[in-house]
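Throughout, residue positions are numbered sequentially from 1 according to the sequence presented.
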Amino acid sequence: MLRQQDVGHRIVVRRIVGIREGRTLFSDALGELVELGETHITLSTDAGPLRVPVAEVHRAKRVPPARRPTAAAVVALELAADEAWPAPVRGRLGDWRLRWADGWTGRANSALPVGDPDRPLPAALDAVQRWYAERGGPALVNTPLPLAAPVGAELDTRGWTSRPPVLVQTVPLRTLTVPPPATPPPTAGPLPADAPPVTLVDAPADDWLVIAAGRKGGLPDAARQVLTGAPRVRFAELREGGRLLAVGRGTVTGAGRWLGVSLLETVPEARRRGLAATVVRALAGWGAAEGATHAFLQVEQSNTGAVALYRGLGFTTHHTYLTRVAPAA
């Protein structure tokens, strides 16, 4: 059976799906193990997330990985993402990054355990908890998988919980900057024939911030520093008749290689018109002009609508991460 050390690795699961004429029926699933709980296991499969009750698991084992990025590639992308979402208060623990933004978003308020913390793992995690306690916030650790699987295993022994799995997805920019097909994939939404133009600006307008605040639950001062603190950043606005219908944020980081796409949002009454795809392509054009060659984004695996949109634009999963949360004191 599976162990916590298997989290972040590719597995095959044979599950019981029923009984017919006295015979047990089975179904096999192949994917990356992103969560191993007492009652359920969660896999990231090509068809999306799959949550399987432990009681239905007949057999499960780790299998050789499919082609996957190297550890160095995961580290490089995680550091580019960190640069794209810069927490105003930062610390270091050897190579590990410690980040604080008054509690606004998990990414800006979590430790990033990539590289060597310059001390034994248990001591490093003790230091992480002290650092966040000094700032009055819960200790969070983002664990890229399978790179940080040993960190995750140690956190399991300490009773840390997990937030929903997050997919880190990438696409070559040339895929986004070529003219879209006449009949786009349905998951990307229909491209409007007369889509309003997208404007890219250096600083977010007030109504842009209102949309971002609605999505992220308010915007403290630290949030504004996160949004505007990247060295190269643009804010996308798609307006119709002066009214803001769709927004997005783009950054260029990682030694200029990566366009980071974040805070992509369409107001409810303007959805299903392909406006989000239009915003992404506009940001891609800016990123390409800045010299970037690839785009990345981070999306919760459970957000099936967004995952389908990004799949239609050509994004594929590079790796996953879990945000781990320390137990209450």
Side-chain angles (χ1 to χ4, degrees), residues 80-81 84-85 169-216 219 223-224 226-254 256-299 303 305-315:
W85 200 254
Q169 300 197 312
T170 63
V171 67
L173 271 188
R174 64 178 180 272
T175 302
L176 297 175
T177 54
V178 297
T183 305
T187 52
L191 286 174
D194 57 347
V198 176
T199 302
L200 302 180
V201 297
D202 299 1
D206 289 344
D207 51 358
W208 195 104
L209 291 170
V210 168
I211 293 176
R215 179 173 178 180
K216 292 294 187 182
L219 288 177
R224 295 171 184 260
V226 173
L227 292 175
T228 61
R232 285 188 278 177
V233 60
R234 290 293 184 273
F235 299 88
E237 304 176 344
L238 193 154
R239 298 178 182 273
E240 191 172 64
R243 186 179 175 218
L244 189 59
L245 299 183
V247 301
R249 175 180 175 271
T251 55
V252 173
T253 59
R257 180 188 181 194
W258 290 104
L259 167 73
V261 177
S262 60
L263 289 174
L264 187 65
E265 187 76 13
T266 303
V267 298
E269 57 270 30
R271 290 172 184 167
R272 306 301 301 172
R273 291 176 54 189
L275 302 186
T278 302
V279 168
V280 171
R281 290 191 174 101
L283 289 170
W286 168 74
E290 290 288 310
T293 58
H294 290 73
F296 78 89
L297 54 81
Q298 297 163 316
V299 57
N303 189 348
V307 171
L309 167 68
Y310 301 140
R311 184 185 302 119
L313 289 168
F315 282 88

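How far OG1 of Thr251 is from CZ of Phe296: 5.0 Å, rounded to the nearest 0.5 Å. Summarising the geometry, atom CG belonging to Leu245 is positioned 11.0 Å from atom OG1 belonging to Thr278; distances are rounded to the nearest 0.5 Å. Taking CH2 of Trp208 as the reference point, atom CZ of Arg239 lies at 11.5 Å (rounded to 0.5 Å). Rounding to the nearest 0.5 Å places CG of Leu275 at 5.5 Å from OG1 of Thr266.
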Residues Trp258, Thr170; criterion side-chain contact (heavy atoms from CB on, under 4.5 Å); working and verdict: CA-CA 9 Å; Trp258 290 104; Thr170 63; 3.7 Å; yes

Would you sort out whether Leu209 and Arg224 count as a side-chain contact (heavy atoms from CB on, under 4.5 Å), showing the intermediate values? CA-CA 9 Å; Leu209 291 170; Arg224 295 171 184 260; 3.2 Å; yes

Please report the C-alpha distance between Val171 and Leu176 in whole Å, then the side-chain angles of each, then the deciding distance to 0.1 Å, and finally whether the side-chain contact (heavy atoms from CB on, under 4.5 Å) criterion is met. CA-CA 8 Å; Val171 67; Leu176 297 175; 3.6 Å; yes

Given side-chain contact (heavy atoms from CB on, under 4.5 Å), test Tyr310 with Leu264 step by step and report yes or no. CA-CA 11 Å; Tyr310 301 140; Leu264 187 65; 3.8 Å; yes

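Using a 4.5 Å cut-off on side-chain heavy atoms (C-beta onward), Val280 and Leu309 make no contact.
Judged purely by atom type and a 3.5 angstrom limit, Trp85 has no side-chain atom pairing as donor or acceptor with the backbone of Ala230. At least one donor-acceptor pair closer than 3.5 Å links the side chain of Arg232 to the backbone N or O of Glu290.
Under the 3.5 Å distance criterion, with hydrogens and angles disregarded, a donor-acceptor pair is assigned to the side chains of Ser262 and Arg249.
In summary, of the residues considered (Val201, Asp202, Leu259, Val252), a side chain to side chain contact (heavy atoms under 4.5 Å, CB included) with Arg234 occurs for Asp202 alone.
When all heavy atoms of Leu219 and Ala213 are compared, the pair lying nearest together is CG-CB, 3.7 Å.
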